[in-house]
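Numbering starts at 1 and runs along the sequence shown. This structure is a prediction, so every number in the text was calculated from the model and none was measured.
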Amino acid sequence: FITNPETFLLGDKDMMTTNDVFTIIGTFCIGAITMYIFIKWNNNNNKKEDDNINDKQVSSLNKKPIRIYVDGCWDVMHSGHYNAIRQAKALGDILVVGVHSDEEIARNKREPVMKNEQRMAAVKACKWADEVVFDVPYAPSRQLLEKLNCDYVAHGDDIPIAANGHSAYHTVMDKLKIFRRTPGVSTTHLISRLIEAVKDKDNNKEEEEKEKEKTESSRDEHIESTTSWSSFLASSSRISAFSNNRIPTKNDVVVYIDGVFDLFHIGHISALKKAKELGTFLYVGLYDDETVRRRKGKYFPLMNLQERVLNVLSCKYVDDILIGAPWKITKQVLKSLNVSYVIMSENTKFAPKEFNRYDIPKELGIFKEISTDTDYTTDDLMKNIVKQQDQLENQNKNRIQKAKQYVNNHTYVQEKIK
């Protein structure tokens, strides 16, 4: 073609004229120009999308964080309390938790079982609480929200009535965000369980002897009846919402502490805090209900295993939980969890006559007994119940009726998951 512009060889026979060649060249040029224009247009669109994404990122960075306020008595903390705090946090960015004083609770509700210091400690240790404020009014006001710089106030779908007979939230209804009350658990029912356990405590020895004589079938029937008095509804989604979704790395210093952790309180929290200080990852082993019941009596644990799992998972010092922990700590358990230290404290000791279950960590030199800021135990909490038994029983009667009314009359509210 170069040497003879008049013709172009195509195979052995076909020849192409000059006009045909120019037609091909023209078609190629038009295609190339079209391709160039398309690529340019596509690049411009991608740039616009990138600019939009950057604008969103900048807007998100400049956006004022939403501050949510939630308050409560937080007396005898349970999974319902912790789930309330978790759901409130899901409504915004920063959660401010208000704690009522003993006097404010007594004026509007009943005498608290746990005192100011104990209830404050439980809330401060909760991983969803960003700020904690003490001695807040039972009925929140607009002035309080402004003082705390909060945009909204949150509460479950069981709005309380203040001492004056009005809704405790009637002055802030336009700022109110509702979340779902946790079904199957309440302080009222928990106190009822506590009172029943206290009443029966003197008969425990006699009951233990009877337990030994029971047949397998009657024992199963007994277990079913005692677990049913907790109507707590456990689900995998609830446990997942509470979980930290973290596993230890090979560089973590893993600490292990086990126990019952019934009626999660200031003594437990103090022990977990000290245990976590010894490492970078804290496993908590929780004994199953039957293991506890065999050793402590038919009314225990007062909270079932699933309730106790959620309570302990709510604590900011805890990384993960061994659900239904092995009674005896073996080399296999220690190796599989990569445990560096096994911890015990006065607050968490259980079944001291069977401490041989810790023989292996003692032999390995990784067993440590720690001292804590408080010696408060579940037995101390039980003693407080004994002192207030008659008063609590009378105060609880009306509250049980109110709780039943809520269960019968409430409409479904979707739970907040973030």
Side-chain angles (χ1 to χ4, degrees), residues 68-78 80-85 87-88 95-124 126 129 131-148 150 152-182 185-195 265-266 381 384-385 387-407 409-410:
I68 304 292
Y69 172 76
V70 65
D71 63 20
C73 305
W74 317 117
D75 192 24
V76 192
M77 286 287 275
H78 53 69
H81 288 136
Y82 289 118
N83 199 37
I85 295 174
Q87 288 188 87
L95 182 64
V96 181
V97 184
V99 181
H100 304 311
S101 67
D102 294 344
E103 294 76 19
E104 187 75 351
I105 298 171
R107 184 163 53 250
N108 289 276
K109 205 169 183 179
R110 54 163 173 74
E111 288 288 340
V113 174
M114 292 179 167
K115 300 306 177 186
N116 292 330
E117 177 193 3
Q118 298 163 334
R119 294 182 291 104
M120 277 290 289
V123 176
K124 283 183 176 180
C126 179
E131 300 173 22
V132 182
V133 185
F134 178 63
D135 198 13
V136 293
Y138 197 75
S141 63
R142 303 183 80 83
Q143 291 77 13
L144 177 66
L145 295 183
E146 289 172 8
K147 179 182 176 181
L148 299 175
C150 287
Y152 300 99
V153 58
H155 199 277
D157 56 328
D158 56 335
I159 301 298
I161 304 298
N164 60 12
H166 295 292
S167 162
Y169 290 78
H170 77 284
T171 63
V172 290
M173 291 302 291
D174 60 325
K175 297 282 187 179
L176 180 62
K177 286 185 175 287
I178 298 291
F179 55 80
R180 187 188 187 195
R181 170 182 166 170
T182 306
V185 59
S186 72
T187 304
T188 300
H189 285 102
L190 189 54
I191 288 175
S192 293
R193 288 191 238 171
L194 280 162
I195 292 170
H265 54 67
I266 188 173
L381 177 56
N384 290 342
I385 298 293
K387 290 178 184 176
Q388 304 177 55
Q389 183 175 329
D390 292 338
Q391 184 182 10
L392 286 170
E393 215 166 356
N394 291 330
Q395 291 173 338
N396 232 31
K397 286 177 182 176
N398 290 333
R399 302 203 63 80
I400 289 174
Q401 290 305 315
K402 289 180 181 179
K404 286 180 179 178
Q405 287 175 7
Y406 167 80
V407 171
N409 300 329
H410 87 288

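Residues passing the ring pair (Phe, Tyr, Trp, His ring centres under 6.0 Å) test with H100 are Y138, sequence neighbours excluded. S141 meets the side chain to side chain contact (heavy atoms under 4.5 Å, CB included) test with Q143, L144; sequence neighbours excluded. Partners of A154 under the side chain to side chain contact (heavy atoms under 4.5 Å, CB included) rule, at least two apart in sequence or in another chain, are I68, A88, L91, F179. Residues forming a salt bridge (charged side-chain N to carboxylate O under 4.0 Å, His left out) with D102 (at least two apart in sequence, or on another chain): R119. E131 meets the side chain to side chain contact (heavy atoms under 4.5 Å, CB included) test with R67, I94, V96; sequence neighbours excluded. Residues satisfying the ring pair (Phe, Tyr, Trp, His ring centres under 6.0 Å) test with H81, not counting sequence neighbours, are W74, H78. Partners of Y169 by side chain to side chain contact (heavy atoms under 4.5 Å, CB included), not counting sequence neighbours, listed by chain and number: D71, P140, V153, H155, I159, P160, S167, V172, M173, L176.
Of all non-hydrogen atoms in V97 and A129, the two that sit nearest each other are CG2-CB, 3.7 Å. Listed here is the closest heavy atom pair of I85 and M77: CD1-CE, 4.3 Å. Residues N116 and F134 approach most closely at CG-CZ, 3.4 Å, considering heavy atoms.
Q87 places a side-chain N or O within 3.5 Å of a backbone atom of R180 that can act as its donor or acceptor partner.
Side-chain contact between V133 and Y69 is absent, with no heavy atoms from C-beta onward closer than 4.5 Å. When side chains are defined from C-beta on, S186 counts as touching R181, because their heavy atoms get closer than 4.5 Å.
Interatomic distance, K124 NZ to I266 CD1, rounded to the nearest 0.5 Å: 10.0 Å. Atom CD1 in I105 sits 7.5 Å away from atom CZ in R110 (nearest 0.5 Å). A distance of 6.5 Å separates CZ of R107 from OG of S101, quoted to the nearest 0.5 Å. Rounding to the nearest 0.5 angstrom, the gap separating the CG atom in D158 from the OG1 atom in T182 is 9.5 Å.
For D75 and K109, the salt-bridge test fails: no basic side-chain N is under 4.0 Å from an acidic carboxylate O.
Legend: salt bridge (charged side-chain N to carboxylate O under 4.0 Å, His left out) pairs involving residues 135-148, not counting sequence neighbours, sorted by first then second residue: R142-D174.
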